[in-house]
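The structure appears right after this line, and notes come after that.
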Amino acid sequence: DWDEIRRLAAEFQKAQSAGAALKLSERNCIEIVSKLIELKLIDVIFTNDGKEYLTPQQLTKEIKDEIYVSGGRISLVELAKMLNIDYSHVEATAQQITKSDRNTSLILGQLVSSQYLDNMAAEVNEKLQQKGLINIPSLTKEYDLPSEFIQENITKRLGSIIEGFKDENDPRTILTPSYIARNRAKLRGVLSAVTVPTSCATLASRFGLQDKLFMSLAEELIRIKRIPGVISGGKTINKATYIPHSYAKSQNAWIENFYSSNGYVEYDSVIRLGITDAKAFLKKKFKDEDMLFLDSCCLGPAVLDQIKASTENALHTGSWIDLIPVLPSILTTDDENQLIQLLLKDKAGSSLVLGSTTVLSTALVDKVRSDLESLMEAKAQQDIESGEVARLVVESRGANLASADDKVDKKEERRK
């Protein structure tokens, strides 16, 4: 009843106001605590001023409280200063906390809780929904945390707190489906309006599209036939060129007509059509043809067969041939050397090359040598019988004697 409650309250008030019969001085307290520590009956941690003691359990509790109050992230240096505890004790306790609590991490001298990471993920999601795209390096700079740590924790929260997904071509970039849809529609409109070969890098820069995203979406649109064109020149945006089908048809028609008329295609002509990597383009286009790709052009089977037939005919008949009239006029000296070496690869013992384009049969060389040797022998015999050789010998000796006398006269003149 209320009388009993009032009586107990009065007794409690009386007990509080009563003075202590015995009191311990501060020195007595220090001596008692020191003795207990010495006997290892208690485990306490001194504050920096030595006036207070904390148990490890109390320090753990206070650190956790400070983490919560600070929003889930606090540095060990700041903790040591706030708690007035030596840094080594704070660090050791922090390590114990992270071992026993999965929701707390020790990163770069800072304690970070899952609460903080959830809040960070919520902030990231808000920015992501506004921009449509966000990358890990920018978050690293903003939150001053290691990129690997941020990426790991952001990835864990994709699909829950963060409404987005990782870019397949760049896992350090987070995208939203709406961002991809907007850029896919933009890129489809841009590429549908292109009428001439245009650098992909130029298009991406002009319309504010990321390089990797541009290439990925462009390849997707081409694959599902949503845009009429192809990408030529390579997978990297700096080398790639978008060629609309309308222009590609006219390119192919010109190349095919030129090839059927001449039997070869010059790389420079293809480059002038707007194809940057002409050699790669022609290899892909004529992959079923037995083409020879030289430094400046490619030759078709018809031209090669004509050159090969003319060369083999000259070698077979023991004759010679100058290939200049047979070779296409656009060939460079390097092209000519490369082509002739290829033609004579299996005929090293039966052919010789004079200059750069004249091919001789070794049989012809042997015949000319034999005829010249016979002619030289007959001419020598004729000169001997006619006395021409004797006359030349006498004249040669006379000239030598005259030269010797002249040298003697000059020596005498110098002596005088």
Are any side-chain N or O atoms of Asp101 and backbone N or O atoms of Ile97, one a donor and one an acceptor, separated by less than 3.5 Å?
no
Does the Lys NZ or Arg CZ of Lys131 fall within the cation-pi geometry relative to Tyr179 - under 6.0 Å from the ring centre and within 45° of the axis?
no
Are the side chains of Asp144 and Arg73 in touch, meaning some heavy atoms are under 4.5 Å apart?
yes
Please evaluate residues Phe207 and Phe214 with respect to the criterion ring-ring contact (aromatic ring centres under 6.0 Å, His included), reporting the C-alpha separation (whole Å), side-chain torsions for both, the decisive distance (0.1 Å), and the verdict.
CA-CA 10 Å; Phe207 293 97; Phe214 179 98; 9.2 Å; no
Looking only at the side chains, is there a donor atom on one of Asp335 and Ser296 sitting less than 3.5 Å from an acceptor on the other?
yes
For the pair Asp334 and Thr332, evaluate side chain to side chain donor-acceptor pair (under 3.5 Å) and give the outcome as yes or no after the intermediate values.
CA-CA 5 Å; Asp334 291 338; Thr332 64; 5.1 Å; no
Side-chain contact, heavy-atom cut-off 4.5 Å: Ser269 with Trp254?
yes
Pairwise distance OH(Tyr267) to CD1(Ile275) - rounded to 0.5 angstrom
13.0 Å
Asp65 bridged to Lys61 by N-O distance under 4.0 Å
yes
If you take all heavy atoms of Asp290 and Pro301, which pair is closest and at what distance?
O-CG, 3.7 Å
Which is it for Val270 and Val265 under the side chain to side chain contact (heavy atoms under 4.5 Å, CB included) test, yes or no, and what are the steps along the way?
CA-CA 8 Å; Val270 178; Val265 181; 3.6 Å; yes
Answer whether the closest heavy-atom distance between the side chains of Leu299 and Leu339 falls below 4.5 Å.
yes
Donor-acceptor contact present, side-chain Ser216 to main-chain Lys212, <3.5 Å
no
Less than 4.5 Å apart, any side-chain heavy atom of Thr198 and any of Thr241?
no
Report the C-alpha separation of Tyr143 and Glu123 in whole Å, then their side-chain angles, then the decisive distance to 0.1 Å, and conclude whether the side chain to side chain donor-acceptor pair (under 3.5 Å) test is met.
CA-CA 11 Å; Tyr143 290 100; Glu123 292 177 5; 2.7 Å; yes
Answer yes or no: is there a donor N or O on one side and an acceptor on the other, between the side chain of Ser192 and the main chain of Gly189, under 3.5 Å?
no
Under the side chain to side chain contact (heavy atoms under 4.5 Å, CB included) rule, what do Leu209 and Leu217 come out as? Steps first, then yes or no, please.
CA-CA 10 Å; Leu209 293 167; Leu217 292 178; 5.8 Å; no
Do Leu111 and Ile63 make a side-chain contact, defined as non-hydrogen atoms from C-beta onward lying under 4.5 Å apart?
yes
Run the numbers on Ser105 and Gln110 for side chain to side chain contact (heavy atoms under 4.5 Å, CB included), then give the verdict.
CA-CA 8 Å; Ser105 304; Gln110 301 177 82; over 6 Å; no
Applying salt bridge (charged side-chain N to carboxylate O under 4.0 Å, His left out) to Glu152 and Lys156, what does each step give before you reach the verdict?
CA-CA 6 Å; Glu152 178 186 352; Lys156 286 180 182 178; 3.6 Å; yes
Quick check: does any side chain N or O of Ser113 sit under 3.5 Å from a backbone N or O of Gly72, one acting as donor and the other as acceptor?
yes
For Pro56 and Ile45 the tightest heavy-atom approach is CA-CD1, 4.2 Å
State plainly whether the residues Lys239 and Asp277 are in salt-bridge range, i.e. N to O under 4.0 Å.
no
Interatomic distance, CG@Asn48 vs NZ@Lys81, rounded to 0.5 Å, equals 12.0 Å
Might you work through the side chain to side chain donor-acceptor pair (under 3.5 Å) test for Ser178 and Thr176, ending with a clear yes or no?
CA-CA 5 Å; Ser178 59; Thr176 62; 3.3 Å; yes
Nearest heavy-atom contact between Glu163 and Gln129 is O-NE2, 3.0 Å
Looking at Asn257 and Ala253, would you say the former's side chain and the latter's main chain have a donor-acceptor pair under 3.5 Å?
yes
Spatial distance of atom CG (Leu191) from atom CD1 (Ile227) [nearest 0.5 Å]:
4.0 Å
SG/Cys200 to NZ/Lys235 distance, rounded to the nearest 0.5 angstrom?
11.5 Å
Applying side chain to side chain contact (heavy atoms under 4.5 Å, CB included) to Leu282 and Ile255, what does each step give before you reach the verdict?
CA-CA 9 Å; Leu282 293 172; Ile255 292 172; 4.2 Å; yes
Glu220 and Arg184 ion-paired at < 4.0 Å
yes
Could you report the tightest heavy-atom contact between Ala240 and Met215, atom names first, then the distance?
CB-CE, 3.9 Å
Do the side chain of Tyr247 and the main chain of Thr195 share a donor and acceptor less than 3.5 angstrom apart?
no
Distance in Å, Asn252 CG paired with His245 NE2, rounded so as to fall on 0.5 Å steps
10.5 Å
Residues Leu83 and Glu62: closest non-hydrogen pair is CD2-OE1, 3.2 Å
May I ask you to check whether over 12 heavy atoms, not counting those of Glu126, lie within 6.0 Å of atom CD?
no
Using salt bridge (charged side-chain N to carboxylate O under 4.0 Å, His left out), reason through Arg157 and Asp118 one step at a time and then give a plain yes or no.
CA-CA 8 Å; Arg157 291 161 175 80; Asp118 288 343; 2.8 Å; yes
State, with a plain yes or no, whether a side-chain heavy atom of Ile74 is found less than 4.5 Å away from one of Met82.
yes
Taking atom CZ as the centre, does Phe165 end up with more than 12 heavy-atom neighbours from other residues, nucleotides or ligands that are less than 6.0 angstrom away?
yes
Val359 side chain near Trp320 side chain, heavy-atom distance below 4.5 Å
no
Shortest non-hydrogen contact from Phe281 toward Ser232
CD1-OG, 4.4 Å
Interatomic spacing from NZ in Lys308 to CG in Leu342 - rounded to 0.5 Å
7.5 Å
Check the pair Asn135 / Thr173 against side chain to side chain donor-acceptor pair (under 3.5 Å), numbers first and verdict last.
CA-CA 4 Å; Asn135 55 59; Thr173 298; 5.5 Å; no
Does any N or O in the side chain of Thr98 come within less than 3.5 Å of the main-chain N or O of Gln95, such that one atom is a donor and the other an acceptor?
yes
Does atom NZ of Lys279 have more than 12 heavy-atom neighbours, drawn from other residues, nucleotides or ligands, at distances under 6.0 Å?
yes
Counting distance only, does the side-chain N/O of Thr140 pair as donor-acceptor with the main-chain N or O of Ile136 below 3.5 Å?
yes
If you draw a 6.0 Å radius around CZ in Arg182, do more than 12 non-hydrogen atoms from other residues or ligands fall strictly inside?
yes
Contact check, side chains of Leu304 and Met291, non-hydrogen atoms, under 4.5 Å:
no
